[in-house]
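Right, one structure below, let's go through it.
Chain A is the first sequence line, chain B the second, and so forth, proteins listed ahead of strands; every chain is numbered from 1.
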Amino acid sequence: MRAIPASFYSGDVDRVARDLIGATLLVDGVGGVIVETEAYDAADPASHSFVGRTARNAAMFGPVGHAYIYRIYGLHLCLNIVCGSPGSAVLIRAIEPLHGVERMQERRGAAMRVNQLCAGPGRLCSALGIDQRLDGASMALPPFALFERVEPVSIQTGPRIGITLAADRLRRFGAAGSPWLSRRFPIASPCTAV
DNA sequence: CGGATGATCAACT
DNA sequence: GTTGATCATCCGC
């Protein structure tokens with residue numbers, strides 16, 4: 001497996017969000033293959049960075065390839081990877097659990113169904129043991145590890161989830177037909193092979 | 001099953 | 001005081 005270099009994150013955020021589908025994400029050896037992402041940037045009303053740099057979103061304007069982690073709805077954490085244009089990032093929404101599934105189950109509870117372990121940004125952070133202190137940390141250094149996609153994937157596009165502003169933009173990307181998605185894509189949404 | 005609800009934090013008005 | 005890039009649980013079919 002080839003580690004993802006910093007150059008991977010330059011250029012169009014949507015392209016990065018697409019290329020991260022199929023990549024392998026590990027936190028302290030626990031993780032799997034990314035199957036769902038969303039793209040955000042400073043020109044996007046739905047993005048935290050739309051209002052400019054603040055204390056919370058500072059990482060979004062920091063080094064490329066680092067993590068932007070924030071708390072949502074008072075309880076859950078979400079993991080983003082900072083991209084080339086300032087204020088842009090990719091939200092990691094779901095992965096296929098492959099490594100350290102036992103540790104994930106310890107964290108999420110044994111009752112949790114395996115296909116729900118990492119299906120959603122909050123669940124994913126919980127299962128991988130991500131905490132807010134990792135905000136701003138490099139995705140290329142421990143405890144993180146990121147590896148490039150090896151197999152070709154069919155990628156589906158659709159509207160982002162939980163968004164009210166700019167809800168019509170198709171900036172959610174997923175491995176077509178994957179059983180590990182947080183939600184199914186609307187039928188007849190665009191699908192491209194990569 | 002599907003929809004409603006409450007949990008609980010931090011940024012911003 | 002309000003509002004979220006959410007999730008687990010409860011309740012009604």
*Verify, without hydrogens or angle tests, whether A/S10 (side chain) and A/S7 (backbone) share a donor-acceptor contact under 3.5 angstrom.*
yes
*What's the CG-C1' distance between A/L77 and C/dC7, to the nearest Å?*
13 Å
*Complementary nucleotide for B/dT8 - Watson-Crick or wobble, under 3.5 Å*: none
_For C/dC10, give the paired nucleotide (Watson-Crick: N1-N3 plus N6-O4 or O6-N4; G-U: N1-O2 and O6-N3; both under 3.5 Å), or none._
B/dG3
_Test item: side-chain donor near acceptor, A/E96 and A/S178, under 3.5 Å_ = no
*Which of the following nucleotides, B/dA7, C/dT6, C/dA8, is nearest to the side chain of A/L75?*
B/dA7
*Select one nucleotide: of B/dC12, B/dA11, C/dT6, the one nearest the side-chain heavy atoms of A/R56.*
B/dA11
*Would you kindly give the CD1-to-C1' distance between A/I161 and C/dC7, to the nearest whole Å?*
13 Å
*Check every atom of C/dT6, C/dA8, B/dC9 against the side chain of A/C78 and return the nucleotide holding the closest atom.*
C/dT6
*Any stacking of A/Y40 on C/dA5, going by centres under 5.5 angstrom and planes within less than 30 degrees?*
yes
*asked:* Strictly distance-based, threshold 3.5 Å: is any side-chain N or O of A/D28 a donor or acceptor partner for the main-chain N or O of A/P143?
replied: no
*Is the charged tip of A/R160 near the ring of A/Y40: under 6.0 Å from the six-membered ring centre and within 45° of its axis?*
yes
*Give a yes or no on whether a donor-acceptor pair under 3.5 Å exists between the nucleobase atoms of C/dA5, that is its base, and the side chain of A/Y70.*
yes
*Starting from P on B/dG2, measure out to CZ on A/R184 and report it in whole angstrom.*
12 Å
*Distance in angstrom units between A/L117 CG and C/dA8 C1', rounded*: 14 Å
*Could you check how far NE2 of A/H48 sits from P of C/dT3, rounded to whole Å?*
16 Å
*Closest listed nucleotide, where the reference is the side chain of A/T54 and the choices are C/dC7, B/dC12, C/dG4*: B/dC12
_Minimum-distance nucleotide to A/R108 side chain [options: C/dA8, C/dC7, C/dA5]_ = C/dA8
*Spacing between A/L165 atom CG and C/dT3 atom C1', to the nearest angstrom*: 12 Å
*Tell me which of A/H76 and A/Q132 sits closer to the 5' end of DNA chain B, going by the nucleotide each one is nearest to.*
A/H76
*Please tell me which of the listed nucleotides, C/dG4, B/dC9, C/dA5, lies nearest to the side chain of A/R71?*
B/dC9
*Write down the distance between CD (A/E38) and P (C/dT6), rounded to a whole number of angstrom.*
7 Å
*Please give, in whole Å, the distance from C/dC7 P to A/L181 CG?*
13 Å
*Measure from NZ or CZ of A/R15 to the centre of the six-membered ring of A/Y9 and say whether it is under 6.0 Å with the direction within 45° of the ring axis.*
no
*C/dA8, C/dA5, C/dC7: which one has an atom nearest the side-chain heavy atoms of A/M112?*
C/dA8
*Using a strict 4.0 Å threshold on nitrogen-to-oxygen distance, state whether A/R171 and A/D41 make a salt bridge.*
yes
*Which nucleotide in C/dA5, C/dC7, B/dT8 has an atom nearest any side-chain atom of A/Y68*: C/dA5
